[in-house]
2 protein chains.
Amino acid sequence: MPEPAGNRRRGPRRTLTEDQILDAALTLLDEGGSDAASVRGIAAKVGVAPNGVYTYFPDKAAVVKALVERLLGEVDHGIFVDRGQPWRQRVESLALDLRTRLSAHPGVVPLMIGGPMDGPNALALNERLLEVLADAGVDPADAARAAYLLIVYVFGSIALEVADLHQPGPLPPERERIDTRLRAFAATPAERYPHTAAAAAELAGYISTDQYLWGLRRVLDGIATTAARAGEADS
Amino acid sequence: MPEPAGNRRRGPRRTLTEDQILDAALTLLDEGGSDAASVRGIAAKVGVAPNGVYTYFPDKAAVVKALVERLLGEVDHGIFVDRGQPWRQRVESLALDLRTRLSAHPGVVPLMIGGPMDGPNALALNERLLEVLADAGVDPADAARAAYLLIVYVFGSIALEVADLHQPGPLPPERERIDTRLRAFAATPAERYPHTAAAAAELAGYISTDQYLWGLRRVLDGIATTAARAGEADS
DNA sequence: ACCTGAACACCGTTCAAGT
DNA sequence: ACCTGAACACCGTTCAAGT
């Protein structure tokens with residue numbers, strides 16, 4: 001809780017930083033879910049009048065955009081860049097890092113996929129992905145599409161996972177998370193949806209990260225398959 | 001435009017249907033994007049006081065949920081159930097049908113992935129997917145995970161595609177759609193993001209459905225790979 | 001330049017009526 | 001039972017001030 005109001009005069013003081021505003025927004029999002037970051041709430045949290053925020057950002061969309069960018073900037077490029085590792089492992093590292101970071105702030109996820117991710121940090125991630133795929137020997141045309149496929153998978157997974165919770169607050173521990181998704185399956189009449197009921201039984205012991213990695217590996221298998229039959233027509 | 005107001009008295013008349021309310025919501029969503037379906041807007045569109053909507057739905061979330069369910073109920077199970085077709089083609093049919101239907105209503109997409117898809121029609125789709133995978137000989141444990149992977153891919157693709165547009169109104173034609181995504185790539189400094197710039201060049205001629213099907217086929221390849229090495233440990 | 005008070009045009013939802 | 005008017009507690013944003 002930075003500055004519970006009090007020491008605010010009138011004149012020019014440059015009391016705030018853009019980052020303090022983003023901190024406030026993130027805190028509200030973490031506490032109350034994706035709708036909780038109101039301009040008025042943020043303003044109150046940093047100890048400023050509702051319209052004081054507009055000194056630092058042109059509108060609410062800009063605040064959200066900056067916050068998303070800041071979060072994407074936190075991913076660890078280190079492991080990802082290491083060419084000593086096999087390419088699949090490098091992609092898995094990125095995917096896991098991204099998931100861990102975003103899962104820590106589930107309220108941000110709907111905002112992230114609510115708009116285009118075209119900031120510099122988003123582009124940097126895309127660039128890294130393309131690098132790894134190039135190192136893996138995937139030809140440029142396929143690499144461009146494979147990178148997008150991976151982005152769809154990573155953000156799609158996280159988005160659906162967050163959606164199945166319908167908020168707010170931090171994500172529950174792993175074990176509970178998969179149960180959430182299976183509750184709908186298990187609650188389903190086995191006569192009408194026999195496969196779904198069976199699937200619920202099959203998945204009973206699993207954990208969400210297992211599902212995430214399993215899917216990612218299937219995607220990587222698919223990409224590798226294309227690389228293997230290099231140059232063949234696809235359709 | 002159903003009923004531009006006028007003939008409304010007081011007493012019990014059961015003027016409206018749930019479906020008329022959903023129609024109004026959908027129209028607003030199509031015209032103004034995912035934020036445009038306000039309770040007040042819907043009420044005005046069906047010619048009722050703002051709180052009149054609450055006679056038919058307990059709250060706005062219920063309206064959204066019902067609309068999503070109705071949309072998911074429209075998918076054509078016919079082609080999908082046909083066991084004469086090879087399993088990959090059956091999955092592709094479902095995936096394409098779903099994409100066509102959702103792309104027609106981009107404003108609904110963020111609402112769809114904004115909450116859990118656990119209604120009967122969503123479960124029915126899941127059941128169908130599992131049926132196809134069972135027919136394909138995928139073992140039940142893998143099928144359960146493969147079905148979720150496919151769901152992630154389909155809804156993730158559509159969500160990101162809609163997000164890259166940031167609304168409102170109907171989706172532009174195919175040719176323009178891929179250009180939207182590439183604009184960010186192309187506008188990027190080639191010295192800092194050489195792979196990204198190269199990828200933009202590679203994708204220049206493509207169309208969004210091509211990318212969608214390419215990714216789907218990689219996912220199917222990945223699933224098939226697992227089926228092929230049946231029973232081996234995955235990690 | 002920075003910040004405020006006040007206002008504008010919106011929200012979703014509730015509640016005590018009226019028919 | 002169905003629908004309304006009025007109100008409540010919110011929104012994002014603008015604008016004319018004050019320092």
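Throughout, protein chains are lettered first and strands after them, A, B, ... in sequence-line order, and every chain is numbered starting at 1.
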*Asks:* If I take atom CZ in residue A:Phe57 and atom P in nucleotide D:dG12, what distance separates them, rounded to the nearest angstrom?
*Replies:* 15 Å
*Asks:* D:dC2, C:dT14, D:dG12: which one has an atom nearest the side-chain heavy atoms of B:Tyr54?
*Replies:* C:dT14
*Asks:* Find which nucleotide of DNA chain D each of A:Pro58 and A:Ala36 is nearest to by heavy atoms, and output the residue with the more 5' nucleotide.
*Replies:*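 Counting from the 5' end, the first nearest nucleotide belongs to A:Ala36.
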*Asks:* Between atom CD1 in A:Ile42 and atom C1' in D:dG12, what is the gap in whole Å?
*Replies:* 11 Å
*Asks:* Counting only side-chain heavy atoms from C-beta out, which of C:dT13, D:dT13, C:dC11 sits nearest to A:Val39?
*Replies:* D:dT13
*Asks:* Kindly give the heavy-atom pair with the smallest separation between A:Ser38 and A:Lys60, and that separation in Å.
*Replies:* CA-NZ, 4.4 Å
*Asks:* Watson-Crick or G-U wobble partner for D:dT13, using a 3.5 Å limit on both distances?
*Replies:*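 C:dA7 - that is the nucleotide pairing with D:dT13, both distances being under 3.5 Å.
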*Asks:* Starting at CZ of A:Arg40 and ending at P of C:dA9, how long is that distance when rounded to a whole Å?
*Replies:* 15 Å
*Asks:* Return the nearest nucleotide to the side chain of B:Thr15; candidates are D:dG12, D:dC3, C:dT13.
*Replies:*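 Closest of the options to the side chain of B:Thr15: D:dC3.
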*Asks:* Tell me the interatomic distance from A:Asp35, atom CG, to C:dC11, atom C1', rounded to whole angstroms.
*Replies:* 12 Å
*Asks:* Can you check the A:Asp59 CG to C:dC10 P distance for me, whole Å?
*Replies:*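 In whole Å, C:dC10 P and A:Asp59 CG are 18 Å from each other.
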*Asks:* For the residue pair B:Ile21 and B:Val48, establish whether any side-chain heavy-atom pair is separated by less than 4.5 Å.
*Replies:* no
*Asks:* Kindly state whether the ring of B:Tyr212 and the ring of A:Tyr148 have centres lying under 6.0 angstrom apart.
*Replies:* no
*Asks:* Of the non-hydrogen atoms in A:Glu92 and A:Leu213, which two are nearest, and what is the gap between them?
*Replies:* OE1-CD2, 4.0 Å
*Asks:* Distance check needed: C:dC10 P versus B:Leu28 CG, whole Å only.
*Replies:* 14 Å
*Asks:* Nearest 0.5 Å, what's the OG-CG distance between B:Ser157 and B:Leu102?
*Replies:* 11.0 Å
*Asks:* Look at all strands and tell whether B:Tyr56 reaches a base, only sugar-phosphate, or nothing, counting heavy atoms closer than 4.0 Å.
*Replies:*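 The residue B:Tyr56 makes sugar-phosphate contact but no base contact.
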*Asks:* Let me know the distance between CD1 of A:Ile21 and P of C:dC2, rounded to the nearest Å.
*Replies:* 12 Å
*Asks:* May I ask which nucleotide in the shown strands pairs with C:dT19, Watson-Crick or G-U wobble, both distances under 3.5 Å?
*Replies:*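 The answer is D:dA1, by the H-bond criterion.
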*Asks:* Heavy atoms from C-beta onward define the side chain here; which of C:dC3, D:dC11, C:dC11 lies closest to that of A:Thr55?
*Replies:*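 Given the options C:dC3, D:dC11, C:dC11, the side chain of A:Thr55 is closest to C:dC3.
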*Asks:* Could you check which of D:dC11, D:dT13, C:dT4 has an atom nearest any side-chain atom of A:Ser38?
*Replies:*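 So the nucleotide nearest the side chain must be D:dC11.
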